[in-house]
Undergrad: 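Questions regarding the structure given below will be posed in turn.
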Amino acid sequence: MSDIYFHNTPTNKKETFRPIHKGKVALYTCGPTVYSTPHIGNFVAYIRWDILVRMLIASGFEVTRVMNITDVGHLASDADEGEDKMLKGAKREGISMWDVAQRYTDEFMNGAKQLNLITPTFITKATDFIPEQIELIKQLEKKGFTYSIDDGVYFDTGKFPHYADFAHLDLEGMKAGARVDYNNEKRSPHDFALWKFDKKGERTEMVWDSPWGRGFPGWHLECSAMIEAKLGDTIDIHTGGIDHIPVHHTNEIAQSEAAHNKPLAHYWLHTAHLLSEGTKLAKSLGNSFLLQDLADQGFSALDFRMFVSQSHYRTESNFTWENLAAAANRLRNWQNIASLRWQTYDTLQSDAEKSSDELSAAMQQAREAILLALQDDLESPQAFRIIDELFATIERTPLADIQQTSLRQLLETIDELFGLQLLETTPDVSEEVKLLIIERQRAREAKDWARSDKLREQLAHQHIGIHDTAHGSIWYRL
RNA sequence: GGCGCCGUGGCGGAGUGGUGACGCAGCGGUCUGCAAAACCGCGUACACGGGUUCGAUUCCCGUCGGUGCCUCCA
């Protein structure tokens, strides 16, 4: 098996992947915060990590993957102010915080299904791991990494010398230009809450008892606790959005490594954000579209998946309707190739014949090359180039010279790695349609053009297009 | 204010110190009874200025522009 390479955030270099246990990968993906309907930008990361998982599986790894659901309500800002997002959602919709979490967890999972994302081995809710989170704080307290102030228990970043290393932070510079007023009881503006007190006793739900007082866990704690609980002290790969680097993952590392004295993860992969119409997605700009908005414009979730997959995960890409339409067309062209498998046969029987078939050999070679491209830091654009070039060759090959099994296997590989459901979305045509095609063929042979055209029209009504070649007619879906 | 990332043809999007990946769109033509989402062909692209070099889109410096994080937002 060939090596796998990842661009590792802490070293900012491409490194050879070496799993902790041979043939196995422990992977953690920072999941969604469930207080509103996920927009297309949110889903980008999960599409990218889905390709990561598919590549690892195709490379022969047994992947154990955990993704969290952040369902604990947190305050809207680091300063002890702002309204809790879950609480706000609950008030807005007149339901409980638990119902808010459930509603948007369901919406996320529904979107994930539409996008054909592989379900992680474990999907863990922060609220299901409160005792583990409390236990982790106890460990940190025992080692002297915590202190309590008026509104909560904090992690003392001054006690963790490597705090700035991961994100290459300039702590002094950040302090000087900070946009936020920090709680000045904190020893350092970078210190973060491990446990927040419900000071005024106003929280009636999502509040728990702890040795330090009634309240709820800090914002970064859940990931550390769930990784420890489900995957162990050190994992192979940790993924997240680029925004997680300076705060969330920096704090996660501080907590976990202070508690365990071991590296939290060997490889950190971060995906760039999606821009929409040239700028950051924001509700106020009206550009944070939902999958439903795409559907309203006639685009499927798979069209969006295609759009995302054709760029590299560390490149910032720009969503526009025009770009989405281009991706949708590309997917349509791929589906037309996939439809060809119903119109071809295996004419070569012996292995010798098969291996001497140039196109079959090219398809076999492409299957390997596509995987190789993904093994090189998820170079999906390169993989797509290989696919496009091969598809172009297939298109100009007479149907009779395309081996059905070779084509089907190629499509299977592409589906396995990219989840575009080329096979599922291109079923065979009905017997009725097949008869119409044969009838039209006969009409053409009899030079009965009026009848032939009428049949073509009839087929178009059934969303079937026809392409006549010197070697016969090819159908495709309209 | 600090720390980043990025600027490639109409739109996306790779890549490279020295013959313009790939996709979408467009144009011209071909095949065809007609058609086609079929085939063939078509683009003087690498923000600007300077430097290094025989030679830079590719390396270095600067400028301008865009964008991100520092507010759990992927």
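Any value given below was found using the heavy atoms of this structure, including those in side chains, with hydrogens, waters and symmetry copies removed. Per chain, numbering begins at 1; letters A, B, ... match sequence-line order.
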Undergrad: Can you tell me if Thr315(A) touches the phosphate of rG13(B), counting only side-chain N or O atoms and a distance under 4.0 Å to OP1 or OP2?
TA: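 The answer is no; no side-chain N or O of Thr315(A) sits under 4.0 Å from OP1 or OP2.
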Undergrad: How many Å lie between CH2 on Trp268(A) and P on rA74(B), as a whole number?
TA: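 Atom-to-atom, Trp268(A) to rA74(B), this comes out as 16 Å.
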Undergrad: Does rU71(B) have a Watson-Crick or wobble mate here (both distances under 3.5 Å), and if so which one?
TA: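 None - no nucleotide pairs with rU71(B), as no candidate has both distances under 3.5 Å.
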Undergrad: Quickly work out the Leu281(A) CG to rA74(B) C1' distance and round it to whole Å.
TA: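 Roughly 10 Å, once rounded to whole Å.
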Undergrad: What integer distance in Å separates Met306(A):CE from rG13(B):P?
TA: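 One finds 14 Å between P of rG13(B) and CE of Met306(A), rounded.
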Undergrad: Rounded to whole angstrom units, what separation is found between the NE2 atom of His244(A) and the C1' atom of rG68(B)?
TA: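 It is 14 Å, rounded to the nearest whole Å.
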Undergrad: Taking N and O atoms by type only, does the side chain of Asp243(A) place a donor or acceptor under 3.5 Å from a partner on the base of rC70(B)?
TA: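 Between rC70(B) and Asp243(A), which were checked side chain against base, a qualifying N/O pair under 3.5 Å is absent.
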Undergrad: Below 30° counts as parallel, above 60° as perpendicular, anything between as tilted: where do the rings of Tyr163(A) and Phe192(A) land?
TA: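 It falls in the parallel class, under 30°.
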Undergrad: Whole angstroms only, please: what is the CD-C1' distance between Glu316(A) and rG68(B)?
TA: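 So the two atoms are 6 Å apart, to the nearest Å.
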Undergrad: Evaluate whether atom NZ of Lys434(A) has more than 12 neighbouring non-hydrogen atoms of other residues, nucleotides or ligands under 6.0 angstrom away.
TA: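 Atom NZ in Lys434(A) is crowded, with more than 12 foreign heavy atoms closer than 6.0 Å.
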Undergrad: More than 12 foreign heavy atoms under 6.0 Å from CD of Glu93(A): is that the case here?
TA: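 Enclosed.
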Undergrad: Has Lys113(A) got more than 12 heavy atoms of other residues, nucleotides or ligands less than 6.0 Å from its NZ?
TA: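 No, NZ of Lys113(A) has 12 or fewer neighbouring heavy atoms, counting only those of other groups under 6.0 Å.
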Undergrad: Between rG23(B) and Asn329(A), is there an OP1 or OP2 to side-chain N/O distance shorter than 4.0 Å?
TA: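 Answer no for this pair, as no side-chain N or O of Asn329(A) is under 4.0 Å from OP1 or OP2.
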Undergrad: rA37(B) C1' sits how many Å from Glu395(A) CD, rounded?
TA: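 Rounded to the whole Å, the gap is 9 Å.
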Undergrad: Which one, rC69(B), rC39(B), rA37(B), comes nearest to the side chain of Asn333(A)?
TA: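 Nucleotide nearest to Asn333(A)'s side chain: rA37(B).
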